[in-house]
K.L.:
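First the structure, then my questions, so here it is.
Only heavy atoms go into these numbers, but all of them, side chains included; no hydrogens, no water, no symmetry mates.
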Amino acid sequence: MNIFNRVTIQSLRKNKTRTIVTIIGIILSTALICAVTTAGFSFINYAINYITDQSGKWHGHFIETDYDSFSKVTADKKISEYAVLKEIGYAEIGSKNKYKPYLYVTALTGSTDNIVSVKVTSGKYPETNDEILLPEHLAENGGITHNIGDRIELEIGDRMCDGKKIHQRTPIYEGRYIEGQYSEKFLDEEFIPKITRTYTVSGFYERPDFEDYSASGYSAIVLDDGYDDDTIYDIY
């Protein structure tokens, strides 16, 4: 035992109160550091789990891409999994909400294992191409009520404005402040039907994170049997 160890031990023995307080302080400091670290990691895990639950587990999002971009992204070997929301079209449904007059029919394909969060609350996810999953807020917010097993016929088409096709992220109105006063101007858009399809309601799901509150249509999900170049894709 060297001189430093002997002096230290003697000092600790002669100042027992200070030694005990020091030991307690070290224990409390260590416990505090552990508690703060644990709390930090718990918060991070909570945030990750919450975002995954609300939005899905995707790492990247390609918004309103065309078929060429869709082909390049899904063929990239660096991407291990993906889910695709393909726009089928809109259908006028007589909603009581003037800001959301449409049902927005979209096909969700690819790996749907929580990459995009879809929370079915009743019934089941579509299993065939003639089934449709409706959002719960279609009844609450739009005043359109259906039951599981109902057959609905939809005249599906495009929204057109100034000769261009517009999509779900384009509201049907423009809100602006003029001299401190808020005003709304509805777009001069036209609905052009393309196809008529009949679906069976397979179930209902919570309002999805991919539907903006300013979106013009209630998002309904169907299956799809292929891709084409006359539409847009959201890739997760």
K.L.:
About how many Å separate OG1 of Thr65 and CD1 of Ile232, when rounded to the nearest 0.5 Å?
P.N.:
8.0 Å
K.L.:
Tell me yes or no: between the side chains of His137 and Glu211, is some donor less than 3.5 Å from an acceptor?
P.N.:
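Note: His137 and Glu211 side chains meet the donor-acceptor criterion.
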K.L.:
Under 4.5 Å between side-chain heavy atoms, hopping through other hydrophobics if needed: is there a path connecting Leu85 to Val105?
P.N.:
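No, Leu85 and Val105 fall in different hydrophobic clusters.
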K.L.:
Can you tell me if Glu136 and Thr121 form a side-chain donor-acceptor pair at under 3.5 Å?
P.N.:
yes
K.L.:
Check the angle between the aromatic planes of Tyr46 and Tyr50 and answer parallel, tilted or perpendicular using the 30° and 60° thresholds.
P.N.:
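Tyr46 vs Tyr50 ring planes: parallel.
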K.L.:
Working note: Arg197 + Leu154, criterion side chain to side chain contact (heavy atoms under 4.5 Å, CB included); need CA distance, chi angles, decisive distance, verdict.
P.N.:
CA-CA 5 Å; Arg197 290 186 179 177; Leu154 301 175; 5.6 Å; no
K.L.:
Out of curiosity, Thr106 OG1 to Ile88 CD1, how far, rounded to the nearest 0.5 Å?
P.N.:
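Rounded to the nearest 0.5 Å, the OG1-CD1 separation comes to 6.5 Å.
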K.L.:
A side-chain contact here means heavy atoms from C-beta on lying under 4.5 Å apart; do Leu133 and Val118 qualify?
P.N.:
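SC-SC contact between Leu133 and Val118 confirmed.
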K.L.:
Closest heavy-atom contact between Val201 and Asn147?
P.N.:
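Between these two residues, the closest heavy atoms are CB-O, 3.6 Å.
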K.L.:
If you look at every heavy atom in Gln168 and Gly217, which pair is closest and at what distance?
P.N.:
NE2-O, 2.8 Å
K.L.:
Group every Ile, Leu, Val, Met, Phe, Trp and Tyr by side-chain heavy-atom contacts under 4.5 Å, then state whether Val222 and Tyr104 land in the same group.
P.N.:
no
K.L.:
With the threshold set at 4.0 Å, does a side-chain nitrogen-carboxylate oxygen contact exist between Arg169 and Asp234?
P.N.:
yes
K.L.:
So is Lys100 actually on top of Tyr218's ring, under 6.0 Å and inside 45° of the axis?
P.N.:
yes
K.L.:
State whether Tyr213 and Arg207 meet the cation-pi test: NZ (Lys) or CZ (Arg) under 6.0 Å from the six-membered ring centroid, and within 45° of the perpendicular axis.
P.N.:
yes
K.L.:
Tyr102 vs Phe191 aromatic rings, parallel, tilted or perpendicular, using cut-offs 30° and 60°?
P.N.:
tilted
K.L.:
Answer with yes or no whether the hydrophobic clustering places Ile221 together with Ile156; edges join I, L, V, M, F, W, Y residues whose side-chain heavy atoms lie under 4.5 Å apart.
P.N.:
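Shared cluster, no.
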K.L.:
So how far is it from Thr38 OG1 to Ile33 CD1, rounded to the nearest 0.5 Å?
P.N.:
11.5 Å
K.L.:
Ignoring hydrogens and angles, tell me if any N or O in the side chain of Asp66 forms a donor-acceptor pair with the backbone of Ser69 under 3.5 Å.
P.N.:
yes
K.L.:
For side chain to side chain contact (heavy atoms under 4.5 Å, CB included), just list the numbers for Gln54 and Ile51, CA-CA rounded to whole Å, side-chain angles, deciding distance to a tenth of an Å, and then say yes or no.
P.N.:
CA-CA 5 Å; Gln54 295 297 311; Ile51 293 173; 5.9 Å; no
K.L.:
Please assess Asp230 against Lys165 for the test salt bridge (charged side-chain N to carboxylate O under 4.0 Å, His left out), listing each intermediate value before the final yes or no.
P.N.:
CA-CA 11 Å; Asp230 186 29; Lys165 187 188 297 186; 3.6 Å; yes
K.L.:
Looking only at side chains, do Glu153 and Tyr199 share a donor and an acceptor under 3.5 Å apart?
P.N.:
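No, because no side-chain N or O of Glu153 sits under 3.5 Å from a partner of the opposite role on Tyr199.
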K.L.:
In the hydrophobic cluster built from side-chain contacts under 4.5 Å, what are the other members alongside Ile166?
P.N.:
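Direct or chained contacts put Ile166 with Leu187.
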K.L.:
Can you find a pair of side-chain heavy atoms, one from Asp130 and one from Arg151, that are under 4.5 Å apart?
P.N.:
yes
K.L.:
Atom CG in Leu103, atom OG in Ser95: separation rounded to 0.5 Å?
P.N.:
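If we round to the nearest 0.5 Å, Leu103:CG and Ser95:OG are 10.0 Å apart.
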K.L.:
Please determine whether residues Ile63 and Ile235 belong to a single hydrophobic cluster, defined as Ile, Leu, Val, Met, Phe, Trp and Tyr linked transitively by side-chain heavy-atom distances below 4.5 Å.
P.N.:
no
K.L.:
Measure the OG1-CD1 distance between Thr200 and Ile152 for me, rounded to the nearest 0.5 Å.
P.N.:
8.5 Å
K.L.:
Quick one: which of Phe210, Tyr236, Tyr82 gives a ring pair (Phe, Tyr, Trp, His ring centres under 6.0 Å) with Trp58?
P.N.:
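Exactly one option meets the ring pair (Phe, Tyr, Trp, His ring centres under 6.0 Å) with Trp58, and it is Tyr236.
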K.L.:
Counting only heavy atoms not in Tyr173 (residues, nucleotides, ligands), do more than 12 fall under 6.0 Å from its OH?
P.N.:
yes
K.L.:
Which distance, rounded to the nearest 0.5 Å, do you find between the OG of Ser202 and the CD1 of Ile148?
P.N.:
7.5 Å
K.L.:
So, Arg159 and Ser216: side-chain donor and acceptor under 3.5 Å apart, yes or no?
P.N.:
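Result is yes, a qualifying pair exists.
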K.L.:
More than 12 heavy atoms of other residues, nucleotides or ligands under 6.0 Å from NZ of Lys72: yes or no?
P.N.:
no
K.L.:
In terms of the angle between their ring planes, are Tyr233 and Tyr67 parallel, tilted or perpendicular, with boundaries placed at 30° and 60°?
P.N.:
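Because their plane-to-plane angle lies in the 30° to 60° range, the rings of Tyr233 and Tyr67 count as tilted.
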K.L.:
Using modelled atom types and a 3.5 Å cut-off, is there a donor and acceptor pairing between side-chain atoms of Asp76 and backbone atoms of Lys78?
P.N.:
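The answer is yes, because a donor-acceptor pair under 3.5 Å joins these two groups.
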K.L.:
Does any donor atom in the side chain of Asp209 or Ser55 lie under 3.5 Å from an acceptor atom in the other side chain?
P.N.:
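On atom types as modelled, these side chains qualify, holding a pair under 3.5 Å.
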K.L.:
Looking just at side-chain N and O atoms, do Ser42 and Asn45 make a donor-acceptor pair shorter than 3.5 Å?
P.N.:
no
K.L.:
Working note: Glu87 + His167, criterion side chain to side chain contact (heavy atoms under 4.5 Å, CB included); need CA distance, chi angles, decisive distance, verdict.
P.N.:
CA-CA 9 Å; Glu87 179 179 292; His167 306 287; 3.1 Å; yes
K.L.:
Is any side-chain N of the basic residue among Glu155 and Lys194 closer than 4.0 Å to the acidic one's carboxylate O?
P.N.:
no
K.L.:
Using every non-hydrogen atom in the two residues, find where Val120 and Tyr205 come nearest and quote the distance to one decimal.
P.N.:
CA-CB, 3.9 Å
K.L.:
As a quick check of understanding, evaluate side chain to side chain contact (heavy atoms under 4.5 Å, CB included) for Ile132 and Leu134, giving each step before the final call.
P.N.:
CA-CA 6 Å; Ile132 190 168; Leu134 297 178; 4.1 Å; yes
K.L.:
Apply side-chain hydrogen bond (donor to acceptor under 3.5 Å, both in side chains) to Ser214 and Asp212, showing your working.
P.N.:
CA-CA 5 Å; Ser214 62; Asp212 294 337; 5.0 Å; no
K.L.:
Within a 6.0 Å radius of atom CG on Asp162, are there more than 12 heavy atoms belonging to other residues, nucleotides or ligands?
P.N.:
no
K.L.:
Indicate, with yes or no, if Phe186 and Tyr90 share a hydrophobic cluster defined by side-chain heavy-atom contacts under 4.5 Å among Ile, Leu, Val, Met, Phe, Trp and Tyr.
P.N.:
yes
K.L.:
Is there a side-chain contact between Phe204 and Leu138 in this structure, where contact means two heavy atoms from C-beta onward sitting under 4.5 Å apart?
P.N.:
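Sidechains of Leu138 and Phe204: no contact.
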